[in-house]
2 protein chains.
Amino acid sequence: MERRERADAARNRRAILAAAEELLREHPPEEVSVERVAVAAGVGKGTVFHRFGSRIGLMQELMSERAHALEQAVVDGPPPLGPGAPAGERLVAFLDAVVAMAARNAGLIAAHEHARLTQKAGGGTRLANPIYVSWHRHVSALIAEARPDVDADLAAHVLLGTLHTQPIGSLLLSGESARVAATLGDLARGLLGDAGGPLRGT
Amino acid sequence: MERRERADAARNRRAILAAAEELLREHPPEEVSVERVAVAAGVGKGTVFHRFGSRIGLMQELMSERAHALEQAVVDGPPPLGPGAPAGERLVAFLDAVVAMAARNAGLIAAHEHARLTQKAGGGTRLANPIYVSWHRHVSALIAEARPDVDADLAAHVLLGTLHTQPIGSLLLSGESARVAATLGDLARGLLGDAGGPLRGT
DNA sequence: ATATTAACTGGACCAAAGGTTCACTTACGA
DNA sequence: TCGTAAGTGAACCTTTGGTCCAGTTAATAT
């Protein structure tokens, strides 16, 4: 018979995630070692690795929790985020939503990036991050739909990759996410050849 | 009297730089430890740190060598890279040149990024990298000149930060720099509201 | 209730890498 | 030739991601 997760394991898993979340909210990622998370959660280091495989695994689990809501809104939700609106509008709406999410989790994103670079295996492509992949696919598809003549795949990497970048990361941390959303919107509209151009607000 | 660099020190410095360059050309950055560079250069690890201060210091020295030529072309050289051409043209020309340089040194850029994330101090902003700062200032100024209404500072970060991003990095490594240059050009032209829009080639 | 078992646990342990120390050596000016 | 500041490099330190494994325990079968 299929055994489900043991009660104690589930409790510890939640304790670890909560501890990591809290530590990342109050400390820069490079100060949040796996061991420290384990201590804060009241478990041994081995347990953390047993459950999450690696530092990256832990970060990814945290990311997934957060990304799930956005994912649903895109697939099922009402326009302009969900299906139904024109591609251009959906793209801008999605970028807004992603920036908002990134702003709320700037520390976590930085930590994930930190973990990725710290790891040994060179194979640690960002394409191994399922969340990034799904976001990229979405943005890329929207761009291609609106402008079949541009390199949608690459443009999507530029727009999304920005969020993993340090100068933008610190802006998000300092609460200037509106600027980031506006600029990404300008770039996207410009790329799609929107007649209004990058002028915003006017 | 002012003493200049000792002959043996100069010899070792060049040996270290050459060894690092060679190793980075043939191995992914996370496999090129400072110690390995030292061994390849035939010196002790302490010497490397004495000369360059840290892993980042070493990488930055290598970058500077490469960036110097481009710097000159921008300040002194003929248009459209140098002064004289309209801002929009200078911007596109500069992005082309930067992408070309990044393509030639993709391994080095990845290594620098790797070093930055590995270091302890949280203060390791990218703004501590003088080359990035000068590039950013240039791009930002050009954008502001052409379109005073957009957030030039941030747009410049998006355009340049892209080059430090992993998906784009691997494209550069695999020789697809033309795509990268084209897409950055599309984005820049779109942002500047160029009538031609992002259509290229047509 | 008891036995069985597979999953869970956690602290000791390991290796890699950046960085520091310091006694020793050496190039260079006087 | 001599004094010295600069240069050198091997041993050592520390941190951290990750592994090991012997002991523990929750869930299931009898």
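In what follows, chains are A, B, ... by sequence order, proteins preceding strands, each numbered from 1. Only heavy atoms go into these numbers, but all of them, side chains included; no hydrogens, no water, no symmetry mates. Just so you know, these numbers come straight off a predicted model, no measurement behind them.
- The phosphate of D/dG7 has OP1 or OP2 within less than 4.0 Å of a side-chain N or O from B/His50.
- A straight line from NE2 of A/His27 to P of D/dT15 spans 17 Å, rounded to a whole angstrom.
- Within 3.5 Å, a donor on the side chain of A/Arg6 pairs with an acceptor on the base of C/dA7, or the reverse.
- When each of B/Ala7 and B/Gly53 is assigned the nucleotide of DNA chain C bearing its nearest heavy atom, the one mapping closer to the 5' terminus is B/Gly53.
- The backbone N or O of A/Leu108 sits nowhere less than 3.5 Å from a side-chain atom of A/Asn105 that would complete a donor-acceptor pair.
- When rounded to the nearest whole Å, the span between CG of A/Asp8 and C1' of C/dA7 equals 9 Å.
- Comparing D/dA11, C/dT26, D/dT8 against the side chain of B/Lys45 picks out D/dA11 as the nearest.
- Residues A/Glu31 and B/Gly42 each lie close to DNA chain D; by heavy-atom proximity, the contact nearer the 5' end of the strand is made by B/Gly42.
- Taking side-chain N and O atoms only, A/Thr47 has no distance below 4.0 Å to OP1 or OP2 of C/dC8.
- Residue-environment remark: CD (A/Glu65) exceeds the threshold of 12 foreign heavy atoms within 6.0 Å.
- A straight line from CZ of B/Phe49 to C1' of C/dC22 spans 17 Å, rounded to a whole angstrom.
- Put simply, CE on A/Met59 is 10 Å from P on D/dG18, counting in whole angstrom units.
- Rounded to an integer number of Å, the gap from B/Arg11 CZ to C/dT26 C1' is 11 Å.
- Listed nucleotides: D/dG17, D/dG9, C/dC8. Nearest to the side chain of A/Ser33: D/dG17.
- The separation between A/Phe52 atom CZ and D/dG18 atom P is 14 Å, rounded to whole Å.
- Surrounding NE2 of A/His27 are more than 12 heavy atoms belonging to other residues, nucleotides or ligands, all under 6.0 Å away.
- Between D/dT8 and B/Asn12, a contact under 4.0 Å exists linking OP1 or OP2 to a side-chain N or O.
- Checking A/Ala9 against B/Val34, the closest nucleotide of DNA chain C that is more toward the 5' end is the one next to A/Ala9.
- Residue A/Glu35 contributes atom CD, which lies 9 Å from atom P of D/dG17 at whole-angstrom precision.
- Contact annotation: side chain of A/Arg55 to base of D/dT16, donor-acceptor pair absent below 3.5 Å.
- The distance between atom CG of B/Leu58 and atom P of C/dG19, rounded to the nearest whole Å, is 11 Å.
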Derivation of the ring-ring contact (aromatic ring centres under 6.0 Å, His included) call for A/His112 and A/Tyr132:
CA-CA 12 Å; A/His112 188 269; A/Tyr132 183 84; 9.7 Å; no
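- For the pair B/Glu21 and B/Arg14, the salt-bridge criterion is not met [side-chain N within less than 4.0 Å of a carboxylate O].
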